[in-house]
Amino acid sequence: MAIRGDDKPKSKRTGINKYFDIHKPVFWPAIALITIMIVSTLLLGDQAEELFNNIQSGVTDNGGWFFVIAVNIFIVFSLFIAFSRFGNIKLGGDDAETDFSTMAWFAMLFSAGMGIGIMFWSVAEPIFHYLSPPMADGETAEAAQQAMNLTYLHWGFHAWGIYAVVGLALGFFAFNRGLPLSFRSVFYPLIGDRIKGWMGDVIDVLAVLATLFGLATSLGLGVLQVSAGLEHVFGLPDNIYLQVGIIVGITAVATVSVVLGIDKGVRVLSELNVRIAALFLVFVILVGPTIFIFDSFIQNFGGYLNSVATFSFWTESYSGTNWQSSWTIFYWAWWISWSPYVGMFIARISKGRTVKEFVLGVLIVPSIITFLWMSAFGGSAISLEMSGIGNIGDAVNDNVATALFVFLEQFPLEMVTSLIAIVLILSFFVTSSDSGSLVIDGLTSGGKLDAPVGQRIFWAQTEGLVAAILLIGGGLTALQTASISTGLPFALILLVMCYSLHQGLKREYKENQQRIKDKERDSYKELVEDAIKNQQKEKEQ
């Protein structure tokens with residue numbers, strides 16, 4: 001069922017294929033569109049940003065109800081699949097074995113999916129909601145509880161439910177149905193062999209654009225946080241030279257990582273990230289309000305479970321406000337626009353996992369870790385703010401990028417912890433960059449799992465170059481709003497993907513049942529034949 005020619009072993013690659021092994025109908029259109037979008041964004045300047053902002057506002061204001069429905073469908077569907085008759089189906093077939101240990105798998109899930117985000121927002125978002133909650137008076141105990149409930153909503157099960165659906169669909173059709181690990185493959189039950197033509201090429205090109213621009217804009221905007229942190233902590237000048245230098249450094253390390261590949265590069269860095277993050281979290285728990293953190297974690301989790309139905313279906317229909325468009329709907333559009341990248345990376349590292357193991361692993365473990373992290377950092381920040389200590393709220397309103405560093409100033413060893421925070425942010429950026437590069441490699445090579453080293457280097461460098469150009473030219477914010485605006489069409493694609501995955505799993509289940517029956521029949525025949533042979537031997541004796 002493959003849509004491309006046979007992969008050549010590394011040792012037999014010659015000429016251009018030694019460095020590049022591309023699927024031309026995806027690679028070249030993607031390059032052309034990337035160039036056009038960058039040039040037009042830079043040339044139009046403020047006009048481009050205004051245009052994209054208007055598009056994003058139109059999408060979130062008018063399509064908010066659709067995002068609410070879609071995201072809830074994704075999480076319900078993923079749980080349904082996990083606990084249905086399909087739960088025991090293994091990605092790659094009954095004899096497939098996992099490529100990575102469970103701990104390494106969780107580390108890569110967390111690093112690719114959420115790592116950098118929780119570093120930026122773990123202090124800032126709860127404080128934002130505490131100061132200006134949508135359904136309570138600000139700076140009250142009720143506002144504090146609501147702030148944590150909303151933070152859990154935005155960073156918890158719903159976000160990971162989106163990734164679970166995409167990752168499971170991509171992994172199933174690649175490892176069980178023999179199709180390339182490419183976005184087009186999940187639509188095989190619907191359009192059949194037409195995924196081999198222009199329809200499949202268009203799907204993969206869109207996935208490349210969403211992945212590259214999502215990563216490039218996040219890299220650029222995240223660098224602004226690191227730069228602000230370096231100025232706040234060490235007094236370095238927060239200017240374009242420092243920011244571009246940071247991008248160059250991140251890109252250099254990411255390039256080395258993608259050259260080493262998943263097992264020696266991404267896996268090692270992801271495990272290092274998680275170890276440093278765990279130590280960072282333990283430090284904050286121990287030196288911070290320890291009992292309050294554990295108390296609030298339990299209460300926050302209970303409050304989230306109690307309010308999740310209300311908040312996840314809330315559409316502001318009676319309040320006449322516009323809070324949700326800037327927060328919840330923005331997050332749903334952002335997670336959906338990132339789903340091609342995160343979902344494909346999760347699929348690539350999940351061969352050998354059962355459907356149930358995959359869904360519950362993707363949904364539960366990263367979410368619980370995120371909840372504890374948000375309680376330790378965001379909950380402690382709210383506690384300090386309620387006590388009138390630290391002025392973290394002023395820092396959030398003044399420059400959100402410094403919120404984490406102002407928070408760390410309230411605890412011992414602030415210079416050391418701030419330096420660790422910066423290193424951790426940079427490290428999470430590197431893992432996001434190199435895992436994204438590997439995903440784009442696969443998409444632009446026709447779904448190959450083993451793109452040549454030159455091609456991996458090309459995309460890692462391209463991400464850094466795009467981020468630097470947009471940062472210098474002032475087009476990062478414009479392009480970020482553009483990538484988020486892709487959330488609406490991708491939400492439609494993901495709903496179709498749910499149906500396609502269900503059809504594929506149903507067929508796989510029937511084939512598995514038939515194989516079981518065939519084995520039982522063959523075993524029964526062997527037993528009968530053995531019995532007949534034994535009877536004949538007894539008669540002869």
Side-chain angles (χ1 to χ4, degrees), residues 56-83 109 112-114 117-118 121 125 129 134-135 146 148-170 183 186 207 210 214 304-317 322-344 346 358-364 366-368 370-371 374 481 483-502:
Q56 181 185 325
S57 297
V59 168
T60 55
D61 292 345
N62 299 312
W65 62 272
F66 177 74
F67 280 112
V68 168
I69 291 175
V71 172
N72 281 288
I73 287 175
F74 298 145
I75 191 169
V76 171
F77 175 77
S78 61
L79 290 172
F80 162 74
I81 290 296
F83 291 101
L109 284 180
M114 293 288 176
I118 66 169
W121 289 108
E125 182 170 344
H129 300 330
M135 293 184 282
Q146 192 172 115
M148 296 310 300
N149 292 347
L150 289 166
T151 303
Y152 276 26
L153 174 72
H154 296 156
W155 293 88
F157 298 129
H158 285 76
W160 285 100
I162 297 169
Y163 295 155
V165 168
V166 178
L168 182 60
L170 289 165
F183 220 73
V186 300
Y304 164 67
L305 294 179
N306 186 54
S307 64
V308 66
T310 299
F311 281 128
S312 61
F313 286 95
W314 179 51
T315 59
E316 296 181 297
S317 54
N322 200 37
W323 181 93
Q324 194 184 41
S325 295
S326 301
W327 285 101
T328 305
I329 303 305
F330 174 87
Y331 269 119
W332 294 167
W334 184 240
W335 299 142
I336 289 171
S337 68
W338 263 58
S339 63
Y341 146 60
V342 179
M344 186 167 292
I346 292 174
F358 178 94
V359 172
L360 296 184
V362 172
L363 274 180
I364 295 176
S367 295
I368 295 300
T370 301
F371 293 160
M374 291 297 187
T481 58
S483 63
I484 292 170
S485 298
T486 64
L488 184 60
F490 263 106
L492 291 167
I493 290 174
L494 264 56
L495 287 173
V496 176
M497 182 184 291
C498 289
Y499 174 78
S500 181
L501 175 59
H502 184 266

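Source: prediction; values computed, not measured.
- For an aromatic pair to be called close, the ring centres must be under 6.0 Å apart, and Trp332 with His158 satisfies this.
- Judged as a side chain to side chain donor-acceptor pair (under 3.5 Å), and not counting sequence neighbours, the contacts of Ser325 are Asp61, Asn322.
- A donor-acceptor pair under 3.5 Å is formed between the side chain of Ser312 and the backbone N or O of Val308.
- Just one residue in the list Phe371, Tyr152, Phe311 forms a ring pair (Phe, Tyr, Trp, His ring centres under 6.0 Å) with Phe157, and that residue is Phe371.
- Without hydrogens or angle criteria, Ser367 side chain to Leu363 main chain gives a donor-acceptor distance under 3.5 Å.
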List the steps, then state whether side chain to side chain contact (heavy atoms under 4.5 Å, CB included) holds for Ile336 with Val71.
CA-CA 9 Å; Ile336 289 171; Val71 172; 4.3 Å; yes
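- Using cut-offs of 30° and 60° on the angle between ring planes, the pair Trp323 and Trp314 is tilted.
- Ring geometry, Trp338 versus Trp334: the interplanar angle falls from 30° to 60°, so the pair is classed tilted.
- Glu316 places a side-chain N or O within 3.5 Å of a backbone atom of Gln324 that can act as its donor or acceptor partner.
- Put simply, the side chain of Trp121 reaches to within 4.5 Å of the side chain of Tyr331, judged on heavy atoms.
- Residues passing the side chain to side chain donor-acceptor pair (under 3.5 Å) test with Ser78: none are found, sequence neighbours excluded.
- Checked against the 6.0 Å centroid criterion, the rings of Trp327 and His129 qualify as a close aromatic pair.
- Between Phe80 and Phe77, the ring planes lie tilted relative to each other; the angle falls in the 30° to 60° range.
- Shown here are the side chain to side chain donor-acceptor pair (under 3.5 Å) partners of Gln146, two or more places apart in sequence or in another chain: there are none.
- In terms of modelled atom types and a separation under 3.5 Å, the side chain of Ser339 and the main chain of Ile162 share no donor-acceptor contact.
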